[in-house]
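Heads up: the structure comes next, in structure tokens.
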Amino acid sequence: MNIKTAFSTKETVDESVEDICRQFDLFDSELVLFFASTKYAPESVSKKMQDAFPMAQVLGCSTAGEITSGKMLENSMVAMAFNGQAVKDAKIEIIENLRDESSVRKALASFESYFNESMSDMDPGKYVGIILVDGLCGAEESLMETIGDLTNVTFIGGSAGDDLRFSSTYLYAHGKGHSNVAVLALLKPGVDFTFIKTQSFRDLGKTLEVTKVDEERRAVLEFNNRPAAAAYAEAVGVSLDEAPKRFMHNPVGLVIDDEPFVRSPQQIKDDGMLFYCGVKEGMELSVLEGTDIIGDTREAIEQARKELGGISGIVNFNCILRTLELRQNNLTQAYGELFAGFPTVGFSTYGEQYIGHINQTATMLVFR
Amino acid sequence: MAGKIKQMIDSIIDQRAKDNPMLERVIKTKLILKGINPGKYTLQSDDDPVVLGKLEKMIRELK
């Protein structure tokens, strides 16, 4: 076994780190990825995890719920350890100024120097990136855009959570806790890998063209040259007052090759709409309708298993809005059980990253 | 002037995807997420300076 997982629901940082450490006993951990509820003091959890695995590179973030093999958890800590056969090499970088392109370039230049290969030449079949980013920064789109311009290597990940307090989220690397940063890890896996991007929506065949935006605020002011909120309400067939109740079930999405890149409405503001994700003028967004998260996720995992010929580990970045829907429908146990057969860690995110920044989606890194 | 956007999009896809269909799809997706839908541009499309600026930046990043 080259990838191991552990979880702990103990109350304190010390107890939980010790619990996880014990579960990884005798395993030759070279990289440790962990996700932890904010009940664990963010100031100390990173240091204690790094101290517990002094020979490993350790990274992680705070969450809005955790996932491990067979379980969806709350108020816990989950971890995945990789040995040198699963991940031959890795380098972690912190981007401190999220809106400054030069900070992103600096991080990628560090990867180039470490791996002695240009990011633009790196084979996306041999390298993979993990991105963990402050879930309240609102800067994921530009960050992913800059990374995507500089390399063909896929960066997949999630925006950190804070147990739905929406106060501060935390990123963990090099034994320290940070806010308002992104942590990037560039991995050279020793095993094959693939990606899952799954969202459970069907296209209702109604299009809303974005005709006026305030990109900085993630606000759509007009759809189809009309006030955005009114145009959305009409498209989903409800009154303006009722429209917010439909946001979770009827988000909108940029549909590319039949694959929606979901943009979830957050609230109506004046006559416009604020989103959890950026939208650009001229985009044609499709009105979506929620379907079956459990069935679709099961199918996506099965496809990945067939593609790889087996799964030795899954890192699951699962949108908090999906988690809330699962909680509402008493389906968290069923969702957790989808991962019972595979070493899995993950968390409920405030946004997901894969090619770009998306909502109401699960993005997963899957190892053979 | 017309058609420059289409030419630049084709050039970016050629340079970056290197005939790999999977990478071609990813690069097209990146462009669409930037608000540039490759399917909407032909050799007759007007040279919108805002779109040209975004594409020029992408090309610069490749070097």
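Throughout, protein chains are lettered first and strands after them, A, B, ... in sequence-line order, and every chain is numbered starting at 1.
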Walk me through whether I32(B) and F261(A) qualify under side-chain contact (heavy atoms from CB on, under 4.5 Å). CA-CA 10 Å; I32(B) 294 170; F261(A) 285 69; over 6 Å; no
Can you tell me if NZ on K212(A) sees more than 12 non-hydrogen neighbours from other groups inside 6.0 Å? no
Just wondering, more than 12 heavy atoms not from K4(B) lying within 6.0 Å of its NZ? no
Bottom line for D257(A): the part with an atom under 4.5 Å from chain B's heavy atoms is side chain
Are K57(B) and E101(A) within salt-bridge range, i.e. N to O under 4.0 Å? yes
Please say whether more than 12 non-hydrogen atoms of neighbouring residues, nucleotides or ligands are located less than 6.0 Å from NZ in K206(A). yes
So with a 6.0 Å cut-off around CG of D19(B), is the heavy-atom count from everything else above 12? no
Could D149(A) and K34(B) be called an ion pair, given the rule that one side-chain N must be under 4.0 Å from one carboxylate O? yes
Sort L23(B) into side chain, backbone, both or neither according to what part of it lies under 4.5 angstrom from a heavy atom of chain A. side chain
What are the two closest heavy atoms between K30(B) and I355(A), and how far apart are they? CG-CG2, 3.6 Å
Does K269(A) have more than 12 heavy atoms from other residues, nucleotides or ligands lying within 6.0 Å of its NZ? no
Evaluate whether atom CG of D46(B) has more than 12 neighbouring non-hydrogen atoms of other residues, nucleotides or ligands under 6.0 angstrom away. no
Tell me which of these, H357(A), M283(A), E141(A), has more heavy-atom pairs under 4.5 Å with chain B than the rest. M283(A)
T151(A), part contacting chain B, at a heavy-atom distance under 4.5 Å: backbone
Step by step, would you call N152(A) with I27(B) a side-chain contact (heavy atoms from CB on, under 4.5 Å)? CA-CA 8 Å; N152(A) 282 337; I27(B) 292 156; 4.2 Å; yes
With only heavy atoms counted, which part of L254(A) is less than 4.5 Å from chain B, the side chain, the backbone, both or neither? side chain
Under 4.5 Å to a heavy atom of chain B? For E284(A) that would be side chain
The interface call for K40(B) against chain A, heavy-atom contacts under 4.5 Å, is side chain
